[in-house]
Amino acid sequence: MNANTRIAVLGGGSWATALVKLLLNNCDQLNWFFRGADDIQYIKKFHHNPKYLSSVQLPIEKIRFYNNMSQIIENSDILVFAIPAPFLKESLRELNTPLQKKFIVSAIKGIVPNDNLTVAEFFNKNYSIPFSSIGIISGPCHAEEVALERLSYLTISCKSKIKAEFIASRLRCNYLKANISKDIYGTEYAAVLKNIYAISAGICHGLGYGDNFIAVLVSNATQEIKRFLDSTYKNKRRINSSAYLGDLLVTSYSQFSRNRTFGTMIGKGYSPKNAQLEMNMIAEGYFAVKCINEINKEYNVKMPICDAVYNVLYDKIAPAIEIQLLTEKLK
């Protein structure tokens, strides 16, 4: 990897836009995939994304736009995926160029529905990408604060320290610090799980529970993450570091957290379908909790908060009843 390495961002949402903004601080050229040709024409004309982070002015002279997945992959060396996990398989369905020699970077904080695989596991199993050629971008970091250039931190995880450091070097700037890690499994699953716990925090907020209780809830969520990671892939990791605890905290408390917002709406009486329609954004935790529930049937990790969120969203237990039962299980 060197200055001529071609980087592509795949996805047109808020996080993809934030990553493009960050990468263009250090890259002379960048490839960017949008599904819709109309969005590309709009950005070329007005220099900003019409749907997400519209305040971010984009130097379009440094961007090569594509709306053909195969073409952008063929013309890129590093592929940064920022497509919501529920749409990942569909986006790749008509791919007719190989991925084996590419370095895959997942900025997707979700799990592939039905397959019950993280993005790294998905590419390894379905496209034979070795884990040494897969990187993970995790938080704590909201796209909206990147747009505002507020100081933020990311963790880049990869089994190759050299590759992790290369990606980190392309993201660092005066308002973004990037650390590196080798814990692909832990950081990716922590990013999946924190969305579920953010929904639980939102449900409690919507029901009228206060900060005192939500602090207990998040403290117990940290313990659940640790139990799950230790039971499924034990490794030397500090659960109180920013890639784990920090990401959980920001997603559980931030005004920019779509999962917390989704949970708040559920707590106030919205159905999951109506909440998603009104938000017009993907709450990854909605899909993740079903996948984790199925995965955990094999491991039987004690996860009462995850179970409660699943019971509310999929078994249609009244949020007030389910959270009241949960309060007796927390310490």
Side-chain angles (χ1 to χ4, degrees), residues 5-67 69 72 76 78-85 87 91 105-110 135-156 167-179 191 195 242 246-247 250-251 253-262 279-284:
T5 299
R6 301 166 300 174
I7 302 176
V9 173
L10 299 100
S14 56
W15 190 219
T17 305
L19 289 169
V20 167
K21 173 182 169 68
L22 290 170
L23 289 165
L24 286 175
N25 288 320
N26 299 299
C27 298
D28 294 329
Q29 288 290 331
L30 186 71
N31 296 334
W32 194 1
F33 171 81
F34 271 82
R35 199 166 44 170
D38 291 344
D39 291 331
I40 293 174
Q41 293 307 313
Y42 184 98
I43 295 174
K44 285 183 175 180
K45 183 176 181 180
F46 296 105
H47 299 198
H48 66 87
N49 190 333
K51 298 175 182 176
Y52 302 97
L53 304 188
S54 57
S55 65
V56 174
Q57 290 296 302
L58 298 164
I60 60 168
E61 70 279 1
K62 299 172 73 174
I63 304 171
R64 293 190 181 97
F65 292 95
Y66 294 80
N67 68 339
M69 181 72 75
I72 193 171
S76 306
I78 297 175
L79 309 173
V80 181
F81 282 88
I83 298 167
F87 306 138
S91 298
V105 179
S106 172
I108 303 170
K109 297 183 177 182
I136 306 298
I137 298 176
S138 58
C141 193
H142 279 306
E144 291 81 0
E145 293 204 351
V146 170
L148 294 168
E149 299 190 0
R150 292 178 177 171
L151 182 61
S152 303
Y153 289 68
L154 290 173
T155 296
I156 315 304
I167 298 299
S169 71
R170 293 301 181 268
L171 293 168
R172 291 187 184 114
C173 62
N174 63 319
Y175 57 90
L176 194 289
K177 298 184 184 295
N179 304 309
N195 286 330
S242 62
D247 207 3
V250 75
T251 312
Y253 286 111
S254 175
Q255 62 176 318
F256 297 124
S257 170
R258 63 187 67 176
N259 287 281
R260 179 186 164 98
T261 299
F262 175 77
M279 284 176 61
N280 196 30
M281 298 177 81
I282 294 293
E284 294 272 21

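The residues of the chain are indexed from 1 along the displayed sequence.
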Smallest separation among heavy atoms of [X] and [Y], with atom names:
X: Val250; Y: Pro140; result: CG1-CB, 3.6 Å
X: Ile108; Y: Ala85; result: CG2-N, 3.6 Å
X: Tyr52; Y: Gly12; result: CD1-O, 3.4 Å
X: Gly11; Y: Trp32; result: O-NE1, 2.7 Å
X: Ile40; Y: Tyr66; result: CD1-O, 3.6 Å
X: Asn67; Y: Arg35; result: CB-O, 4.0 Å

More than 12 heavy atoms of other residues, nucleotides or ligands under 6.0 Å from OH of Tyr153: is that the case?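 No.
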Roughly how far, to the nearest 0.5 Å, is the [atom2] atom of [Y] from the [atom1] atom of [X]?
X: Gln29; Y: Glu61; atom1: CD; atom2: CD; result: 8.5 Å
X: Leu10; Y: Leu19; atom1: CG; atom2: CG; result: 11.0 Å
X: Ile137; Y: Leu171; atom1: CD1; atom2: CG; result: 5.0 Å
X: Gln41; Y: Asp39; atom1: CD; atom2: CG; result: 10.0 Å
X: Lys109; Y: Cys141; atom1: NZ; atom2: SG; result: 6.5 Å
X: Ile60; Y: Leu24; atom1: CD1; atom2: CG; result: 11.5 Å

Kindly indicate whether the side chain of [X], heavy atoms from C-beta on, has any atom under 4.5 Å from the side chain of [Y].
X: Asp247; Y: Ser242; value: no
X: Tyr175; Y: Asn25; value: yes
X: Ile83; Y: Met69; value: yes
X: Asn179; Y: Ile156; value: no
X: Glu144; Y: Leu53; value: yes
X: Leu22; Y: Cys173; value: yes

Passing option when Ile167 is tested against Ile136, Ile78, Leu154 for side-chain contact (heavy atoms from CB on, under 4.5 Å):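 Single side-chain contact (heavy atoms from CB on, under 4.5 Å) partner of Ile167 among Ile136, Ile78, Leu154: Ile78.
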Please walk me through it: do Leu30 and Arg64 pass side chain to side chain contact (heavy atoms under 4.5 Å, CB included)? CA-CA 6 Å; Leu30 186 71; Arg64 293 190 181 97; over 6 Å; no
Suppose the criterion is side-chain hydrogen bond (donor to acceptor under 3.5 Å, both in side chains): which pairs have a residue in residues 6-15, not counting sequence neighbours?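 For residues 6-15, and leaving out neighbouring residues, the side-chain hydrogen bond (donor to acceptor under 3.5 Å, both in side chains) pairs sorted by first residue read Arg6-Asp77, Ser14-Arg258.
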Is the backbone of [Y] close enough, under 3.5 Å, to the side chain of [X] for a donor and an acceptor to pair up by distance?
X: Thr17; Y: Gly13; value: yes
X: Ser76; Y: Leu79; value: no
X: Asn26; Y: Arg172; value: yes
X: Asn49; Y: Val56; value: no
X: Ser152; Y: Arg150; value: yes

Run the numbers on Tyr42 and His48 for side chain to side chain contact (heavy atoms under 4.5 Å, CB included), then give the verdict. CA-CA 8 Å; Tyr42 184 98; His48 66 87; 3.4 Å; yes
Taking the inter-plane angle between the rings of Phe34 and Phe65 on a 0 to 90° scale, is it parallel (under 30°), tilted (30 to 60°) or perpendicular (over 60°)?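 Correct class here is tilted.
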Can you check side chain to side chain contact (heavy atoms under 4.5 Å, CB included) on Phe87 and Ile282, steps first, answer last? CA-CA 10 Å; Phe87 306 138; Ile282 294 293; 3.8 Å; yes
Identify whether the distance between the nearest side-chain nitrogen and carboxylate oxygen of Asp28 and Lys62 falls below 4.0 Å.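 Here Asp28 does not pair with Lys62 in a salt bridge, since their nearest N and O are not under 4.0 Å apart.
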Please evaluate residues Arg260 and Ser254 with respect to the criterion side chain to side chain contact (heavy atoms under 4.5 Å, CB included), reporting the C-alpha separation (whole Å), side-chain torsions for both, the decisive distance (0.1 Å), and the verdict. CA-CA 8 Å; Arg260 179 186 164 98; Ser254 175; over 6 Å; no
